[in-house]
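Positions are given from 1 along the sequence. In listed order, ligands and their atoms are each counted from 1.
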Amino acid sequence: MSGHATIPLAFEAPAPEESRARLDAFVAHLRRRRTVRDFSPEPVAREIIEQAILAAGSAPSGANQQPWTFVAISDQSVKARIRVAAEEEEKAFYSGRAGEEWLEALGPLGTDWEKPFLETAPWLIAIFMQRWGVSPQGKRQKHYYALESVGIAVGFLIAALHEAGLATLTHTPSPMGFLNEICGRPDNEKAIVLLVVGKPADGCRVPDIAKKPLDEIASFI
Ligand code: IYR
């Protein structure tokens with residue numbers, strides 16, 4: 001078996017105090033992130049979206065297979081088609097398909113089948129998982145930990161967009177098969193998340209909810 005050539009690790013080792021100060025600032029900044037459902041139509045430059053996607057594409061992935069495709073949509077007519085298709089699924093979801101228990105869990109968020117933000121926000125980013133890849137010889141290549149890898153990449157993407165001062169909504173109309181057709185993606189790709197991206201609308205309000213404290217999410221052994 002032949003391995004990759006290696007290069008020296010470009011590793012930054014800050015002094016402990018600097019390390020702590022940087023981490024604290026990063027944590028405080030991330031903890032200010034809120035999911036937003038009320039977007040401004042103000043445009044966002046394509047370059048910002050490109051940079052954020054590059055951040056997402058730097059995520060670790062199984063066997064470095066990078067099993068993701070990001071489709072960034074700003075075209076108003078494509079966004080309108082996505083809204084129509086998503087609302088159709090969401091109508092079925094909210095009128096029973098979700099089941100009582102799920103709808104009860106969503107109750108406090110006040111969400112419903114109407115998704116005007118799919119047209120208002122300047123960008124939608126559909127993130128697809130490549131269930132398998134295709135080698136240059138046209139052979140199917142198994143992808144390892146594809147869903148985990150895409151999940152990590154979406155986390156990077158959300159963090160990068162937050163860093164750019166943009167708001168996001170992690171939208172998951174279910175099922176999302178319509179996105180393959182609208183985005184022109186092949187059968188080996190499955191939409192995982194539709195990320196809504198833009199500036200929050202003036203006067204945007206968000207639910208008064210909190211994140212769990214450390215002792216509820218971690219244990220140290
Ligand atoms: N896809 C629906 C329902 C929904 C599901 C979860 I889990 C949420 O955290 C929020 C909404 C919708 O987007 O309305």
Exercise. List for me each residue that meets side-chain contact (heavy atoms from CB on, under 4.5 Å) alongside P41, sequence neighbours excluded, and say none if there are none.
Key: T120

For ligand 1, list all ligand N or O to protein N or O distances below 3.5 Å, rounded to 0.1 Å.
{"residue": "ligand 1", "atom": "1 (N)", "partner": "E90", "partner atom": "OE1", "Å": "3.2"}
{"residue": "ligand 1", "atom": "1 (N)", "partner": "E90", "partner atom": "OE2", "Å": "3.4"}
{"residue": "ligand 1", "atom": "1 (N)", "partner": "T172", "partner atom": "O", "Å": "3.1"}
{"residue": "ligand 1", "atom": "13 (O)", "partner": "E90", "partner atom": "OE1", "Å": "3.2"}
{"residue": "ligand 1", "atom": "13 (O)", "partner": "K115", "partner atom": "NZ", "Å": "3.4"}
{"residue": "ligand 1", "atom": "13 (O)", "partner": "H171", "partner atom": "ND1", "Å": "3.0"}
{"residue": "ligand 1", "atom": "14 (O)", "partner": "E90", "partner atom": "OE1", "Å": "2.9"}
{"residue": "ligand 1", "atom": "14 (O)", "partner": "Y94", "partner atom": "OH", "Å": "2.5"}
{"residue": "ligand 1", "atom": "14 (O)", "partner": "K115", "partner atom": "NZ", "Å": "2.5"}

Exercise. Could I get the full list of side chain to side chain donor-acceptor pair (under 3.5 Å) partners for S135, not counting sequence neighbours?
Key: Q137

Exercise. Please confirm whether K142 makes a cation-pi placement over W132, using NZ or CZ under 6.0 Å from the six-membered ring centre and within 45° of the ring normal.
Key: no

Practice problem: Verify the neighbour count for atom CD of E101: are there more than 12 heavy atoms of other residues, nucleotides or ligands below 6.0 Å? | Solution: no

Exercise. Say whether, by atom type as modelled, one donor and one acceptor occur between the side chain of R97 and the main chain of E89 under 3.5 angstrom.
Key: yes

Quiz item: With sequence neighbours excluded, what pairs up with E18 under the side chain to side chain donor-acceptor pair (under 3.5 Å) test?
Solution: R22

